[in-house]
Each structure stands twice: as structure tokens, then as C-alpha cells.
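Residue numbers begin at 1 in each chain, while the letters A, B, ... track the order of the sequences.
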Amino acid sequence: MRQEQKNLSNKEIASILRNIAAVYLLTNANRFKIIAYDNAADTVGQLTRELKDIWQEDKLFNIPGIGKTIGSNLDELFKTGKSEHFKGIMKKIPSTVFILMNLPTIGPKKAYKLVQALKLLNPKTVIKDLQKAAEQNHVAKLETFGEKSQKDILEAIKLYEKRSSKSDRMPLPYAYALAREISNYLEKFPGVNRIHTLGSLRRMVSTIGDVDIAVQVESHKVHKVKSLEKEIVNYFLKFPKIISVVNTGDKKASVIVSPNIRVDLRVQGEKSYGAMLQYFTGSKMHNIRLREYGIKKGLSLNEYGIKSISNFQLPTSIEIPNPKSKLFEFKEEKELYNFLGLQYIPPEIREGTNEIDLAEKNKIPNLVEIKDIKGDLHIHSSYDLKPSHDFGENSYQEILEKAEQLKYEYVGFTDHNTKISGQTEKEILDIMKLRYKDIRKINSKVKNFIGLEIDIMPHGKLALPEKAIDYVDFLIVSVHSVFNMDMKSMTQRVLSALSYPKVKILAHPTGRLLGSREGFELDWAKIFEFCSKKNIAIEINSLPKRLDLPDSLVREALQYKVKFAINTDAHANSHMDGMFYGVSVARRGWCTKNDIINTLSISDFRKWINR
DNA sequence: GCCGTTTTCGGCCCGACTGTTTTCAGTCG
């Protein structure tokens, strides 16, 4: 087996596709071919799972923007670690061009011009060589470049060296927290009416590149809106954490915020705020499809509203507000979707799959909401049962108080199982018995269920004497060690653990840690089928670095009628606030309230767990 | 190169900003 293909990350594949697009651009290929490769690169770059895993499941062609040609070449790339086709295309352009394209504000054309004019042909030193050339004033002398461009290039190099790349993504909750901080800052400014996130952050994608923020300016003094917009931009530029300003305009600004996160701000008046939200929330594929859908009806969408084109006959009920520009404006996104004859589509599912189709048929489901959640079933306490892993910070009593604040009806206490090495079976049973008694003694408004989170050992056995199962209401099982098994053995391992009595939840099923560990692959069809049949819920874990099960697998699991438990895996009471992120994963996976077991009332939940 | 219940051929999303420009090209989101 070759090993090199194993490490092909989405980022690397996106970069290959982007490079191909660049070659086609530089060699004057059909412009739609260029767009196709660029779109594919964008889509792959934003996937929430490894493309290679999707390929392994034979689902490459389900991804919007990947068709016959790109798909079959990716197939070759995964199978053999290289693609002759891609390689052949890339050979047409010096590889240094692709490296320069990583600099902000340098695209294919500028990169190519620089490489040609300055003979930058050494991939190892190309950035340094360009820097030297700029410092020696050689760039400013080039045609279509000037003093400013030269200075910008030096800035770009500095930024590049600090960031190492244009596209390092962070787990959603970190980006969300930053957005909240900025939003708190912005709302202090008089004239700021509403604030929203945009882009992947608004769609609650598990990993975020840039933070995009929209501000609606108050419009009661219409003649002053323009200057007010500019004032808000200026105020934003004084946000304390800004370390550099990328660019600014009258109604937008891009900055870098410590520690190296790009933040874009857009300011818009009330009348077209909804259109702007829609436009910049994306995803790119959703917008392309929505605009294509609009064109078929004679409507052109842009960030200010919808324009009527050609001789399109509008329903007589609709009056054109501004006959000259033929522009329809929308304060709310919902109005815009409805105007197009579509049901409102929540941001989380705007991914360009089949949502527009379903919206047309009024078949967009009611996605689960945070207020539907009635309990948290994966919580670690400070109770000392000599656990195999870490404790939580809070006592059972404190956890129940926090749960009451969150208006929950019940919680599951799921400490890690007692360590099995260095203790006899009897000692373990005594600990479990005592814990059982201690918990049963607790009297509180919020009810509790006695659980445990148990390691699935490499051979599929549970890290707990079977007799100990008498002292719990339910079990959560999860893999915490030996991650590098092949898919077949890993699947067998998990299935065997799921077969124990009282196992009710499979926790953080892929084991991924965003940004640091890829997670293992299971034969999902088998797992989903088994869980569905045996009434075992699959966890959507809300921890910032997990967000596991990934959203695309959630949607797949739904087809097997799998139920989910959205849990926080809290190790401290403050973590219990993270439920929101798990709910957003569920929403991205198209879950309704009925798909989530911890939306059940206490009595229904009791029935479910005893089934 | 992608896509499809008006199409397997013939279409293909839209605008802002910037710098170098005398009317536009390149980059970005």
C-alpha cells in the first residue's frame, strides 16, 4: 500500500483544483471551465468531512460541483496518490506561480506576470526572491504594477509569513465567540440597528475561515445614512483587537484581528438588509443555484434586491416599488425567498444540495431548535469513581442546579468508567454500588439518569465488568484509544460494543478533533442500520473541537431513521452552555425535533431509555 | 467542466474595491 495518498487533505485537494483553474485561466481556456474548477475548489475547501472518506463511500459525485471529469480524476488521485491528468495540466505553468497565489491580493494573473518578468523560478526561494525584487524597486517598474502595488506586495508577504496561509480554519465556537465580542462592541455605537453574522459562520459550518459581520444602520434620517455608514466603519476600525487593516470602503472593511483572524464588516440600510443577508450568507453553491432559479423566472438577484429582467410578467399582485430601476427590496430574508415562490430556507441548510427544490414544494422541515432540548445526557462530574480519564469540575448537585437554570427536565450523569487496571472486579463493583446509592439519594427538581461513558476496548469489549451494568440506567460507549485501525475492524469493534445491554448512545462517533486529529472511518451504513434497529441514539457532541457526528453524516443517518442525542460532554458547568453548537450541527444535518431523543419530555424519555 | 421534471445540449451569479488606468483588469467574497 502506498501511504502518500492517505494524507491528502481537503485543503491540499482544494489547492490542486484552484491551481488547475489558474492554469486554465492563464492559458485562455473556456471561462466556464475555469469557474467549474474554482467552484469545486471552494466546495472541497469548505467540506465538513474529509473528501477521502466521502470517496471511500463512493459518494464523490453527490458533492455539488464535482462531476464526471473532476470526480474521476480525484478518484485516480485517491487510488494512486497522483493524477496524470492534473499533473499534465499543472506542468504548463511554472510551479512558482501557484506559490505566489497564496499571497493575499495575488491571483493567477499577477503571479504569472511576476514570475515571467522577474524570472522567479525557484520554488524554494520564490517568496524571498519576490521580496528582494520589491525592496530593490524592480516591481514598481513592471507594466501594470506601480509604487502602490509594490508596497502591497511587501505587506502581503509579511501577512503571509505571519499567517502561513490564506485559509486556516478554526472550530466554529471560537469564531462564534469572537463574532459575539465584536457584535457587543458594535452595538454600542448609536445608529447600529441589527447585527448578524454572514457566510459560513451564519450557516454554522463546523470550521470557519473568516468572520463576516453585517450591520444594519438606522434609517430614519435617510439623507444621513451614507455618512452614518462610514462612521460605523470607522468605529469598527477602532476595535481594540485589530492588528492590521486589509482594506476599507464607505460601507465595508476587512481587518485582521488578534490572533490572525480575518474579519469582514458590511454596513447596509434597512430597506435592502434582507437581500444583503441572503447574498452574503451563501453558500456559494446555494447562491448560484438560487440565482439560476431566479433567472428562469426573469429575475436577477444581487446584494440590494431583485431586479426584473427582460419582459418577465410579474403577478399583478406585485407592484414594482421603483419602476426606473425595477428593483425589489427586502428588509427580511424570508420576504425574498417568498417573493421567489420559495419557502424560507434556514441558513444552516443553504449548501446547494436539494434545498431549493424542496423549498419550492414547501417541504423544508422544521429544524430542531435550542429551546426544544429538554436534557443533557453526557456530563462528567467531580465524583471520584477512580475514572479512566478526567473528572469534571462540578458535583452532581451543582450540575443539577445548572440544568435547572437551562430549564432542562433531566440530565444524564456519565462519568468515565472506573479504571480497570490496578483494581479488582469487587473493588470496581463496590465503587459503582456506592455511586448508585449516592446518586439515588439526591433530591432535585431536575431528574437524573445514572449513566457511564465507557471505553470501547480494541477488541470491542467494554472497559467494565458486566455485573456493574446493574448499577446504571444507561450506558454511553465511545472509542478513546487505538484510533488507527482499518475501517472493517473498527466497525466490528464498535458494533460489538453496541451489542451490550443498556447501551443507549454511541458518543463522538468519529473521534475527530478539529484541527488536530482526523478521526476514524466506520462503515456508516452498517452502524446506522444497527443503531436504527436496536434503538441506539448516535451522539452529536457539542464540544468545540469535536462537533461529532459531522453534519453531512447526520443527514445520511437520517435516511436510516437513526435517532440522535445532542450532548455537551461537559467537564464543567460552563460547558453545558455549548448545547447550542450541537444543535447547529443537527440543523445542518436537517434534523427536526423528532429526530432528537433529548427533546422528549421526562416521561417519554423514561420510556425510551427502558425500551 | 457542471448540470437537468421546460434541456444530455446549451446554457452557465453578481457586485465592490483597488490600482493603473483614459475605460478596465484583477482579485475577492
List the steps, then state whether ring-ring contact (aromatic ring centres under 6.0 Å, His included) holds for A/Tyr235 with A/Tyr185.
CA-CA 9 Å; A/Tyr235 174 71; A/Tyr185 171 80; 4.3 Å; yes
Can you tell which of B/dT27, B/dG1, B/dG15 lies closest to the side chain of A/Pro108?
B/dT27
For A/Glu333 and A/Tyr337, what are the C-alpha separation, side-chain angles and deciding distance, and is it a side-chain hydrogen bond (donor to acceptor under 3.5 Å, both in side chains)?
CA-CA 6 Å; A/Glu333 278 183 316; A/Tyr337 281 99; 5.3 Å; no
Per A/Lys113 side chain, nearest of listed nucleotides B/dG26, B/dG19, B/dG1
B/dG26
Out of B/dC2, B/dC3, B/dT18, whichever nucleotide has its closest atom nearest the side chain of A/Asn247:
B/dT18
Between B/dG15 and B/dT20, how far apart are the P atoms? Round to whole Å, please.
26 Å
Would you say B/dG29 has OP1 or OP2 under 4.0 Å from some side-chain N or O of A/Ser254?
no
Closest to the side chain of A/Lys252, out of B/dG1, B/dC17, B/dG15, is B/dC17
A/Lys109 side-chain N/O to B/dG26 phosphate OP1/OP2 under 4.0 Å
yes
For the pair made of CD1 in A/Ile153 and C1' in B/dT27, what is the distance, rounded to whole Å?
13 Å
Mind telling me whether A/Phe328 and A/Phe339 have parallel, tilted or perpendicular rings, with 30° and 60° as the class edges?
tilted
If the P atom of B/dT5 is compared with that of B/dC9, how far apart are they to the nearest Å?
16 Å
Which nucleotide, in any strand shown, forms a Watson-Crick or G-U wobble pair with B/dC3, with both distances under 3.5 Å?
B/dG10
Measuring only the P atom in each nucleotide, how far is B/dC17 from B/dC12? A whole number of Å is fine.
27 Å
Answer yes or no: is there an ion pair linking A/Lys52 with A/Glu518, defined by an N-O contact shorter than 4.0 Å?
no
If you look at every strand shown and take non-hydrogen atoms under 4.0 Å, does A/Asn302 touch a base, only sugar-phosphate, or nothing?
sugar-phosphate
Would you indicate, yes or no, if B/dG15 has its OP1 or OP2 atom less than 4.0 angstrom from a side-chain nitrogen or oxygen of A/Lys307?
yes
For A/Ile195, is there any backbone N or O sitting under 3.5 Å from a side-chain donor or acceptor partner on A/Glu187?
no
Need the glycosidic conformation of B/dT21: syn if within 90° of 0, anti if not. Which one?
anti
So, does A/Arg512 use its side chain to make a donor-acceptor pair with the main chain of A/Leu547 at under 3.5 Å?
yes
Between B/dC12, B/dC17, B/dT7, which one does the side chain of A/Lys296 approach most closely?
B/dT7
Counting just side-chain N and O atoms, does A/Thr144 come under 4.0 Å of either OP1 or OP2 of B/dG19?
no
Indicate, with a heavy-atom threshold strictly under 4.0 Å, whether A/Ser72 touches base, sugar-phosphate, or nothing.
nothing
Checking all strands, does A/Arg31 fall into the base, sugar-phosphate, or nothing category for heavy-atom contacts under 4.0 angstrom?
nothing
Would you call the rings of A/Phe86 and A/Tyr37 parallel, tilted or perpendicular, taking 30° and 60° as the class edges?
perpendicular
Report the distance from atom CG of A/Leu103 to atom P of B/dT27, rounded to the nearest whole Å.
12 Å
What does A/Glu143 touch in the nucleic acid at a heavy-atom separation under 4.0 angstrom: a base, only the sugar-phosphate, or nothing?
nothing
Mind calculating the distance between CG (A/Leu327) and P (B/dC14) to the nearest angstrom?
13 Å
Would you classify A/Tyr279 as touching base, sugar-phosphate or nothing, given that sugar-phosphate means primed atoms plus P, OP1 and OP2, and contacts are heavy atoms under 4.0 Å?
base
With the side chain of A/Asp152 defined as its heavy atoms from C-beta on, choose the nearest nucleotide among B/dG19, B/dA16, B/dG1.
B/dG19
Begin from the C-alpha positions of A/Leu201 and A/Leu172 and carry the test side chain to side chain contact (heavy atoms under 4.5 Å, CB included) through to its verdict.
CA-CA 7 Å; A/Leu201 186 51; A/Leu172 167 75; 3.7 Å; yes
Would you kindly give the CG-to-P distance between A/Leu265 and B/dG29, to the nearest whole Å?
15 Å
Do any side-chain nitrogens or oxygens of A/Tyr293 fall under 4.0 Å of OP1 or OP2 in B/dT6?
no
Using a heavy-atom cut-off of 4.0 Å across all strands, would you classify A/Lys284 as base, sugar-phosphate, or nothing?
base
Please tell me which of the listed nucleotides, B/dA16, B/dC28, B/dG1, lies nearest to the side chain of A/Arg262?
B/dC28
Return no unless some side-chain N or O of A/Arg266 is found under 4.0 Å from OP1 or OP2 of B/dG29.
no
Name the nucleic acid region contacted by A/Leu198, choosing base, sugar-phosphate or nothing; use a 4.0 angstrom heavy-atom cut-off, strictly under.
nothing
Between B/dC14 atom C1' and A/Met276 atom CE, what is the distance in whole Å?
15 Å
Between B/dT7 and B/dG1, how far apart are the two P atoms, rounded to whole Å?
25 Å
Phosphate OP1/OP2 of B/dG19: any A/Lys148 side-chain N/O under 4.0 Å
yes
B/dC2, B/dC12, B/dC17: which one has an atom nearest the side-chain heavy atoms of A/Lys251?
B/dC17
For a quick check of understanding: with a heavy-atom distance under 4.0 Å over all strands, which category does A/Tyr37 fall into, base, sugar-phosphate or nothing?
sugar-phosphate
Return the 5'-most residue of the pair A/Ile89, A/Asp357 with respect to DNA chain B, ranking by each residue's nearest nucleotide.
A/Ile89
B/dA25 C1' sits how many Å from A/Leu26 CG, rounded?
14 Å
With P as the reference atom in both, quote the distance from B/dG11 to B/dT18 in angstrom, rounded to an integer.
36 Å
Taking only the side-chain nitrogens and oxygens of A/Thr105, find out if one of them lies under 4.0 Å from OP1 or OP2 of B/dC28.
no
Just one of A/Gln216, A/Glu270, A/Glu218 clears the side-chain hydrogen bond (donor to acceptor under 3.5 Å, both in side chains) bar with A/Arg194, so which one?
A/Gln216
Of all the nucleotides listed (B/dC2, B/dC28, B/dG1), which has the minimum atom distance to the side chain of A/Lys68?
B/dC2
Please report the distance, rounded to the nearest Å, between CD1 in A/Ile63 and P in B/dG1.
18 Å
Touch check for A/Ile34, heavy atoms < 4.0 angstrom, all strands: base, sugar-phosphate only, or nothing?
nothing
For the side chain of A/Ser300, starting at C-beta, report the closest nucleotide among B/dG1, B/dG26, B/dC14.
B/dC14
Starting from P on B/dT21, measure out to CZ on A/Phe145 and report it in whole angstrom.
11 Å
